[in-house]
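Remarks on the structure that follows.
The figures here come from the full heavy-atom set of this structure, side chains too, leaving out hydrogens, waters and symmetry mates.
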Protein chains: 2
Amino acid sequence: MIKEGGAVVVTNIHDIARLSGCSVSTVSRVINHQKYVADDKRAKIEAIMQQLDYVPNRVARDLSNGQTKTIGVVLPYANHPYFARVIDGIVGAGFSAGYKITLLPTNYDMTIERHYLEQLRGKAYDALIFTSRSSSLDTLERYRKYGQIVCCEDPGDERQLAAAFTDRMASYVYALKWAQTQGYQTMGVVLSRNNVISASTRVTRRAYQEVYGKLTDTNLFTGAVTYDDGYQAGAYFAKAEHPVDAIFSNGDDIGAGIHQYFVDQHQPPIPVIGQENLLSSRLLHFSTIDHHLEALGQAAFRLAIGTSRTHELIKSDFIKR
Amino acid sequence: MIKEGGAVVVTNIHDIARLSGCSVSTVSRVINHQKYVADDKRAKIEAIMQQLDYVPNRVARDLSNGQTKTIGVVLPYANHPYFARVIDGIVGAGFSAGYKITLLPTNYDMTIERHYLEQLRGKAYDALIFTSRSSSLDTLERYRKYGQIVCCEDPGDERQLAAAFTDRMASYVYALKWAQTQGYQTMGVVLSRNNVISASTRVTRRAYQEVYGKLTDTNLFTGAVTYDDGYQAGAYFAKAEHPVDAIFSNGDDIGAGIHQYFVDQHQPPIPVIGQENLLSSRLLHFSTIDHHLEALGQAAFRLAIGTSRTHELIKSDFIKR
DNA sequence: ATAATTTATGAAACCGGTCCCAGGTCAAGT
DNA sequence: ACTTGACCTGGGACCGGTTTCATAAATTAT
């Protein structure tokens with residue numbers, strides 16, 4: 001019991017026990033609203049807890065219970081609208097379930113991802129949600145035994161990992177086919193990371209293959225994450241030898257950059273299809289795919305606290321503009 | 001020591017001590033890279049830790065150390081661009097300092113804020129950052145003794161609270177005076193919460209008073225948080241009996257809504273001054289105040305882990321468009 | 001009246017670490 | 001030879017809870 005200026009600042013369960021003339025076991029029972037405590041003792045203990053303004057120590061309980069009621073959310077960066085929406089879903093669901101959500105930025109660094117996986121081993125989190133990853137699925141799976149691990153992509157076949165993901169393939173194919181019906185013969189593509197580990201990249205290539213055939217290097221711009229990157233992409237396609245009729249972008253803000261480049265050059269803006277249904281596509285009035293990322297976050301959270309090793313598919317909507 | 005299919009899954013410091021023939025104290029010294037351990041013992045212990053793939057339990061260390069290296073960030077909702085930028089700053093700074101950042105949504109509910117303050121008492125966090133609040137400063141101050149509390153507004157006079165805030169007053173006055181030089185005789189204002197607890201609301205009123213005189217009800221629209229709210233505000237001012245020459249908005253996305261209403265009605269858009277320098281003001285080309293919210297978040301974090309009861313002022317920039 | 005439950009309580013182990021302190025070795029200083 | 005101080009080591013208290021288990025009283029069932 002630590003005092004400061006006469007007022008009690010910190011108390012523990014032993015103080016309460018001593019002052020109430022009971023044992024810590026009994027106090028613990030009162031704290032946890034368990035049966036088998038005499039009414040008078042319960043009242044007395046509650047009164048003393050009230051009086052000393054006692055609050056049980058969260059960390060001690062976590063240690064004893066072997067769980068922290070905390071979920072770690074692994075993401076490259078927090079300020080990107082894609083992740084912001086997913087986080088929003090996770091945080092909302094987490095709040096309702098009484099869980100704490102901790103943000104774990106990686107900047108796509110595998111070493112840092114490993115660090116968080118080690119923290120999972122150290123019981124710092126009950127589960128990890130990978131909204132994006134650089135490590136292999138094998139690596140993630142290897143840590144599965146230390147806690148639930150949820151990834152936000154289709155892990156395919158028989159994985160031990162839980163997964164919440166959007167139906168990218170279906171929505172991409174739908175969007176691209178719609179573009180064909182609009183008379184767009186050639187379609188440019190803008191991607192973020194051009195590697196096999198990015199689910200978005202992989203699926204975009206597959207969907208493109210199915211609808212437009214092989215994706216050539218000239219029709220592809222990679223490394224786009226922000227509006228300014230999109231602007232660069234716009235410049236690339238504007239100056240291209242064989243211009244494309246429309247561009248399928250990996251995000252609305254990037255799409256806005258593409259659009260804006262043409263506007264700034266006083267050229268007719270090339271039709272763009274974006275993703276995420278952000279304000280930018282609404283303002284510039286181009287089509288987009290809404291992946292319902294809040295729902296994705298909620299699903300990921302449910303999987304994180306559930307023990308069921310399952311998959312959840314979130315349907316996307318194509319918004320024609 | 002818990003095994004699963006032959007492989008060791010969980011070990012603790014006692015296992016390491018037993019297997020290495022040393023005491024727990026010595027193992028602890030090795031874990032923490034302390035002096036006074038014989039080279040051969042150190043090597044042996046390290047080898048065994050390696051072999052069993054031992055990771056110290058985070059929660060146990062936290063309990064013993066009396067700190068969690070976790071900062072709670074209190075905010076109304078996570079998906080709003082204002083808070084997204086502040087979070088980004090906090091998370092970045094937290095990562096560099098080896099701290100965990102937990103998001104605590106309140107939806108402006110005082111009861112929920114209280115709940116988080118109680119958690120601070122329960123040692124769940126080392127400090128709390130209030131990016132926004134509904135509780136009074138007195139209330140926050142009352143919990144100050146349980147941990148550092150940082151608020152993101154100017155708390156004025158002699159408060160025990162640490163504070164990181166932007167120079168709203170200066171930037172608002174600057175922006176409004178600039179508007180006057182542009183010939184805008186009457187200025188509408190859009191606010192989020194029209195109560196005295198919102199720093200933004202309070203300062204906007206004061207700045208308006210200083211430049212334009214008394215803020216009348218007819219020149220004010222409140223309750224705006226999103227683009228759609230801004231759209232409503234646009235409708236309000238478009239249909240007003242005494243139209244305003246320009247509108248000072250509490251956010252770029254809201255400003256975009258205002259702007260867009262006029263566009264949709266085929267009316268010449270009314271000049272808007274936004275805040276936060278988001279993509280929307282860039283796309284629609286209206287002036288805005290950049291509060292450098294990432295820097296605000298970083299400052300807030302520094303105050304959260306520092307014991308110095310200080311204030312940090314972040315300068316804003318007015319971006320004329 | 002006796003056996004079987006249910007209720008009530010506290011001692012003590014446990015969760016998995018940190019750290020103070022006592023005790024011992026050994027080389028340098030006087 | 002004797003003090004001094006740096007180096008090593010382990011026992012055990014401590015952080016603040018939860019939970020098992022033994023014990024006993026009060027009910028209920030037979």
Side-chain angles (χ1 to χ4, degrees), chain A residues 1-2 8-46 48-49 52-69 118-124 126 146, chain B residues 1-2 8-45 48-49 52-69 118-126 146:
Chain A
M1 183 149 62
I2 299 169
V8 178
V9 176
V10 176
T11 338
N12 59 35
I13 197 172
H14 296 95
D15 292 328
I16 306 294
R18 188 165 37 76
L19 292 172
S20 64
C22 305
S23 70
V24 280
S25 322
T26 305
V27 177
S28 179
R29 283 190 198 95
V30 172
I31 292 171
N32 296 292
H33 305 102
Q34 291 175 3
K35 284 205 307 180
Y36 302 142
V37 176
D39 288 349
D40 56 334
K41 290 214 174 185
R42 170 164 269 135
K44 178 160 191 187
I45 290 171
E46 273 169 350
I48 289 179
M49 294 199 302
L52 292 196
D53 226 17
Y54 166 74
V55 175
N57 182 299
R58 184 69 267 160
V59 183
R61 302 181 90 172
D62 286 348
L63 175 61
S64 197
N65 291 327
Q67 59 163 314
T68 58
K69 287 260 184 184
E118 287 297 317
Q119 288 188 169
L120 178 69
R121 292 210 321 136
K123 298 283 178 194
D126 292 351
Y146 304 114
Chain B
M1 183 150 60
I2 300 169
V8 178
V9 176
V10 176
T11 337
N12 59 34
I13 197 171
H14 296 95
D15 292 327
I16 306 293
R18 187 165 38 75
L19 292 172
S20 63
C22 304
S23 71
V24 179
S25 320
T26 304
V27 177
S28 179
R29 284 190 197 96
V30 172
I31 292 172
N32 295 293
H33 305 102
Q34 292 175 4
K35 284 206 306 183
Y36 302 141
V37 176
D39 288 348
D40 57 333
K41 291 214 173 186
R42 170 165 268 135
K44 179 160 192 188
I45 290 171
I48 290 177
M49 292 199 304
L52 293 197
D53 227 15
Y54 166 73
V55 175
N57 183 299
R58 182 71 267 160
V59 183
R61 302 180 89 170
D62 286 348
L63 175 61
S64 196
N65 291 327
Q67 60 164 316
T68 58
K69 289 256 182 187
E118 288 297 316
Q119 288 188 170
L120 178 69
R121 292 210 321 137
K123 298 283 177 192
Y125 317 106
D126 292 351
Y146 304 115

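In this structure, CG of B:Asp15 is placed 14 Å from C1' of C:dC14, rounded to the nearest angstrom. In this structure, the CZ atom of B:Arg58 is 10 Å from the C1' atom of C:dG17, given to the nearest Å.
Residue contacts for A:Gly122: at a heavy-atom cut-off of 4.0 Å it reaches no nucleic acid atom on any strand shown.
One distance of note links CG of A:Asp40 with CD1 of A:Ile45; it measures 9.5 Å at 0.5 Å rounding. Here the CG-NZ distance, from B:Asn57 to A:Lys123, works out to 8.0 Å after rounding to the nearest 0.5 Å.
In this structure, the side chains of A:Asp62 and B:Arg58 stay at 4.5 Å or more apart for every pair of heavy atoms. Counting only heavy atoms from C-beta outward, the side chains of A:Glu118 and A:Arg121 approach each other to under 4.5 Å. Using a 4.5 Å heavy-atom threshold, the side chains of B:His14 and B:Val24 count as touching. In this structure, B:Ile48 and B:Tyr54 have side chains that are not in contact, with every pair of non-hydrogen atoms separated by 4.5 Å or more.
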What does the list of N/O pairs under 3.5 Å between the protein and nucleotides 6-8 of chain D look like, with a distance for each?
unit_1	atom_1	unit_2	atom_2	d
D:dC7	OP2	B:Tyr36	OH	2.9

Atom pairs, N/O to N/O, protein against nucleotides 14-19 of chain D, distance under 3.5 Å?
unit_1	atom_1	unit_2	atom_2	d
D:dG17	OP1	A:Tyr54	OH	3.0
D:dG17	OP1	A:Asn57	N	2.9
D:dG17	OP2	A:Ile13	N	2.6
D:dG17	OP2	A:Tyr54	OH	3.3
D:dG17	O5'	A:Tyr54	OH	3.0
D:dG17	O5'	A:Asn57	N	3.4
D:dG17	N2	A:Ser64	OG	3.3
D:dT18	OP1	A:Asn32	OD1	3.3
D:dT18	OP1	A:Asn32	ND2	3.1
D:dT18	OP1	A:Arg61	NE	3.1
D:dT18	OP1	A:Arg61	NH2	3.2
D:dT18	OP2	A:Ser28	OG	2.6
D:dT18	OP2	A:Asn32	ND2	3.4
D:dT18	O4'	A:Ser64	OG	2.6

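Side-chain contact annotation: A:Thr26 with A:Ser23, donor-acceptor N/O pair under 3.5 Å present.
Between A:Thr26 and C:dG10 there is a side-chain N or O to OP1 or OP2 distance below 4.0 Å.
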### Message
Output one letter per nucleotide in nucleotides 22-29 of chain D: B when a protein non-hydrogen atom lies under 4.0 Å from the base, S when only the sugar-phosphate is that close, - when neither is.
### Response
--------
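Minimum heavy-atom separation, A:Val30 to A:Met49: CG1-CE, 3.9 Å. A:Leu52 and A:Ile16 get closest at one heavy-atom pair: CD1-CD1, 4.2 Å. Minimum heavy-atom separation, A:Pro56 to A:Ile31: CG-CG2, 3.9 Å.
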